[in-house]
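Presented below is the structure to which this report refers.
All heavy atoms count here, side chains included; hydrogens, waters and symmetry mates do not. Because the structure is predicted, anything quoted here is derived from the model rather than measured.
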Amino acid sequence: MTTPWSRRGFLAVCSGTAAALGLGTSSPASAEADEFAALRAKWRTLILGEGFDPAAEPFASRLADLGGTARQYLASMSPATGALWPDLPYADPDPDTDPESYVYSGNMSTSYTRLSTLAQAYCQPGTGLTGDAALREAVLTGLDHLHDDVYNAGQARYGNWWSWQIGAPQALLDACVLMYDALSADRLAGYLAAVDRFVPDSAVSSYSGTSTGANRVDLCRVLALRGVVGADAAKVALARDALSPVFPYVSSGDGLHTDGSFIQHTWVPYTGSYGSVFLGGLGMLFALLAGSSWEVTDEHRAIVFDSVEKAWAPFLYNGLVMDGVSGRAVSRGLSAGDPSDVQQDDHLRGHPVLASIVLLGQGASAAQNARWRALVKGWMRRDQYRPPLTDPVLSLPNLARLKEVEDDTAVRALPEPTGHRLFPAMARATHRRPGWAASLSMANKRIAYYESGNGENPRGWHTGSGMLYWWGDTFANDQYSDAFWPTVDPYRLPGTTVSRKVLADGAGGDWGAAKPDVNWVGGTTDGHRAAVGQYLKGLLSTLVAKKSWFFLDDTVVCLGAGISCTDGTAVETTVENRNLGAAGSASLTVDGLAEPAGYPWSQTLTDTGWAHLGGHGGYVFPGGATVRAVRKAREGSWSSINTGGSTTVLSRKYLTMYVDHGTDPVNASYAYLLMPGASAARTRARSADRHWLTVLANTNDQQGVSVRSLGFTGVNFWFGGTVGSLTASDPCSVMISEKEDGTAVIAVSDPMLMRTGLTLTWRRPVASVSSAPVTLASAETGKSLTLTFGDLTGTAGVTQLITVRLR
């Protein structure tokens, strides 16, 4: 690609790259020195990007914006004791680890991030500040000031450990690479001594505490760059070796699990946030060390490559990453006071994951790389809400990676993957069908209700109470992106059953401390359909309930039973709480009649058979139900759910439908069908077809359904018993798919992880068993089928599949 600035030309401005590329006249002192120079050059490329035309869009605008941000930072920089920028004081008058100290340590880290931004504006072409001498001196002044005043070998740590061990040193070391030739040996030695002070070798000596999962990858990045900048081979080797514990699957706590779950902070599903850091950090380190003396060769690194489609792809949809696996990051919207900030959302969190997949593909097999690039191109092209190539916060290197895929005519965009995935280790499920996708969030004794901390997400209380998210292929992709979290009623999250008992911010404790004392959460799937259940206990509440979801081809059947509570407050199941944006013009039709479209509006809909929300989908209530419907404009600010958020008040209009179980209900229940994307006519027809669905059971003991036209039967046995043609000796989840070719697939799981034996009888003539897992001890065929399982406790809740031939 021809550019006004050649790649070599602008890298040469950035401190010594010409020598590293062999363009200068001096010879390296040694092979090792030459290798470190090459690694510095490679890291510059990784953090600045490559292969793009700085005069062409979208890069020209992004580079100009970078220059504009740098000018603002440059103009406002004012070194003084306790601060480099007046709006980022880091001197803590009472240094400890309370929330106030977190703010001060965060300001210190952010100060280094701003210096890194200035260094990038100095090195990148097209910023208007490229190679600017005054900018260069400002960066050096800032680095010296922060070193002398706060981040040095004699400083005691306060506030958040992350700021000292990851945030600040990563930004500092990036700046050191970019400004390498401008740094004297003494300066560099001081900076590196500070890094050694706060990130000693012992930071990775034990795979525990804050040195696991994504945090371990971040720490290894610090150590690797510390070694590269300081020409310390032992540090680079330590960083490489310290990565090894993150590769193998784990059976509990932080890291990747065999079912594709990714957990951070011991009990929080975090594929979309910490998982993004994990994937991106490994991609960067693999690329940095590839071909060097410290290349990552651990055989278990293949697990990371396998996890692209096993762990990340199920949660990517039209460019977004699903909020149910993003923890407290969902509360990070528009921040206060940062001139470069824009509102964050699920799409903007998804785009870096796409770019990380592209980067990671460079070290994967040719087949993996080709498929991943095709998947990424598809996700990019379908993201019409926030097209990735116009993403205002995506880093320029990531932007360049995605643009290269977009421009590669040899890459054919793949459609969205379809199928059902259960993640028992993190109490999550995804269901993907042509035209729509859904995601379910639950909680159990191993997975937290929600996570708050650092002043973030204090009202996420009920996100693990069966929240059912869904999106359409060409519609509603802004459902949770458009100021949903600061404006939604946190007691009425779609799919959840909750007590209206008032909860304090951060109720239950920070960092996912609160977990329900329940075991039966999970389900079973054949990879296409699923039966999923949650024994629900309310957060700081007496509420208990049994909730089941049966994920089918065009429908999610939702059942609830045994709903009881003595909180002295109302209990509600939210059928839907749709964010209709600022305008809120979607029509609501109930049993064929159009309901008022104005705001505010509410109505109790009695004996309701079906409802349809224009532009979204349909809802069917088998046998009729009393449903309350509400149109309401709700206001909120990001600061109400994140102390660093903007105080600007936002307003969004919602259409809510819920079942009111009354105050202190006893054994209440509900049943409804969700039909994403369905027309009013199709919703009406489904409601009129009384034979399409048979609810086999909806009690505190069992919940099950049958759809004869699909050959589907699904039952969640909360206790052993008989439902329809199935009898189970003990609690379990069962799903049967009968095929047109005379076979059937029986899927069984032990969501409680407690069954040392299980007997299941299906009263259906079966000729033979074609395939079975090792957990099946025996099978008796004939007029009925009896399956006897051995110990299921080691299956981690994963589905056991048995294929049979029917008579």
Side-chain angles (χ1 to χ4, degrees), residues 317-318 323 385 431 433 435-440 466-484 487-489 492-496 549 551-558 572-622 624-634 651-660 670-689:
Y317 189 73
N318 286 356
D323 277 349
Y385 175 69
H431 191 65
R433 300 296 304 154
W436 58 282
S439 178
L440 177 65
M467 184 171 180
L468 183 61
Y469 306 74
W470 65 271
W471 306 260
D473 54 354
T474 60
F475 63 96
N477 276 210
D478 62 345
Q479 179 59 208
Y480 313 101
S481 317
D482 183 22
F484 175 86
T487 59
V488 73
D489 182 342
R492 288 181 177 162
L493 300 178
T496 62
W549 299 263
F551 291 90
L552 306 176
D553 298 15
D554 66 353
T555 302
V556 184
V557 180
C558 307
E572 300 171 353
T573 293
T574 302
V575 174
E576 189 60 276
N577 198 0
R578 214 68 182 151
N579 177 7
L580 302 182
S585 56
S587 62
L588 176 65
T589 303
V590 179
D591 290 333
L593 300 177
E595 298 293 341
Y599 291 82
W601 166 83
S602 65
Q603 184 69 47
T604 299
L605 308 171
T606 58
D607 198 27
T608 303
W610 63 275
H612 182 265
L613 183 59
H616 292 266
Y619 310 83
V620 175
F621 302 92
T626 297
V627 180
R628 295 194 176 183
V630 178
R631 284 188 187 269
K632 184 176 183 180
R634 288 186 53 84
S651 178
R652 294 294 181 271
K653 292 180 177 177
Y654 286 83
L655 186 285
T656 309
M657 291 186 290
Y658 66 95
V659 177
D660 185 353
Y670 65 83
Y672 64 91
L673 280 63
L674 166 67
M675 300 177 64
S679 65
R682 188 152 62 91
T683 306
R684 180 193 295 113
R686 178 61 54 78
S687 178
D689 186 353

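Of the residues Y317, Y469, Y385, the one that meets the ring-ring contact (aromatic ring centres under 6.0 Å, His included) test with Y480 is Y469.
Closest non-hydrogen pair, A476 versus R578, comes out as CB-NH2, 3.5 Å. Closest approach of D607 to G624, counting heavy atoms only: OD1-CA, 3.9 Å. When all heavy atoms of G495 and W549 are compared, the pair lying nearest together is O-CZ2, 4.4 Å. Here the shortest heavy-atom pairing between S651 and A633 reads OG-CB, 4.1 Å. Between T683 and A678, the closest heavy-atom pair is OG1-CB, 3.7 Å.
At least one side-chain heavy atom of R631 sits less than 4.5 Å from a side-chain heavy atom of L580. Side-chain contact check for L674 versus W436: every heavy-atom pair is 4.5 Å or farther apart. Taking 4.5 Å as the limit, every side-chain heavy atom of Y619 sits out of range of all side-chain heavy atoms of V627. Side-chain contact between L468 and P494 is absent, with no heavy-atom pair separated by less than 4.5 Å.
Side chain of D591 to backbone of G609: a donor-acceptor contact under 3.5 angstrom is found. Using modelled atom types, no side-chain atom of N577 and backbone atom of L493 make a donor-acceptor pair closer than 3.5 Å.
With sequence neighbours excluded, the residues forming a side chain to side chain donor-acceptor pair (under 3.5 Å) with T573 are T497, H661, listed by chain and number. Residues satisfying the salt bridge (Lys or Arg N to Asp or Glu O under 4.0 Å) criterion with D660, sequence neighbours excluded, are R628. Y672 pairs by the ring-ring contact (aromatic ring centres under 6.0 Å, His included) definition with Y670, not counting sequence neighbours. Partners of W470 under the side chain to side chain donor-acceptor pair (under 3.5 Å) rule, at least two apart in sequence or in another chain, are E576. By the side chain to side chain contact (heavy atoms under 4.5 Å, CB included) test, E572 is found to be paired with R492, R500, Y658, residues two or more places apart in sequence or in another chain being considered. The ring-ring contact (aromatic ring centres under 6.0 Å, His included) search around Y654 returns none, not counting sequence neighbours. For S687, the side chain to side chain contact (heavy atoms under 4.5 Å, CB included) partners two or more places apart in sequence, or in a different chain, are W610, V620. Taking the side chain to side chain donor-acceptor pair (under 3.5 Å) definition, one finds that H612 meets it with nothing, sequence neighbours left out. Remark: A629 pairs with L588, W601, L605, M657 by the side chain to side chain contact (heavy atoms under 4.5 Å, CB included) rule, at least two apart or across chains. Take S439 and apply the side chain to side chain donor-acceptor pair (under 3.5 Å) test, not counting sequence neighbours, and it matches no residue.
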Assess the residue pair N579 and V488 against the criterion (side-chain contact (heavy atoms from CB on, under 4.5 Å)); give the C-alpha distance rounded to whole Å, side-chain angles, the decisive distance to 0.1 Å, and a yes or no.
CA-CA 8 Å; N579 177 7; V488 73; over 6 Å; no
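Note: T589 OG1 to L613 CG = 9.0 Å, rounded to the nearest 0.5 Å. In this structure, CZ on R634 lies 7.5 Å from OG1 on T487, to the nearest 0.5 angstrom. Here F621 contributes atom CZ and C558 contributes atom SG; the two are 10.0 Å apart, rounded to the nearest 0.5 Å. Here Q603 contributes atom CD and E595 contributes atom CD; the two are 6.5 Å apart, rounded to the nearest 0.5 Å.
Applying the salt bridge (Lys or Arg N to Asp or Glu O under 4.0 Å) test to pairs two or more places apart or on separate chains, those with a residue in residues 673-682 are D554-R682. Sorted by first and then second residue, the salt bridge (Lys or Arg N to Asp or Glu O under 4.0 Å) pairs with a member in residues 473-483 read D482-R652; sequence neighbours excluded.
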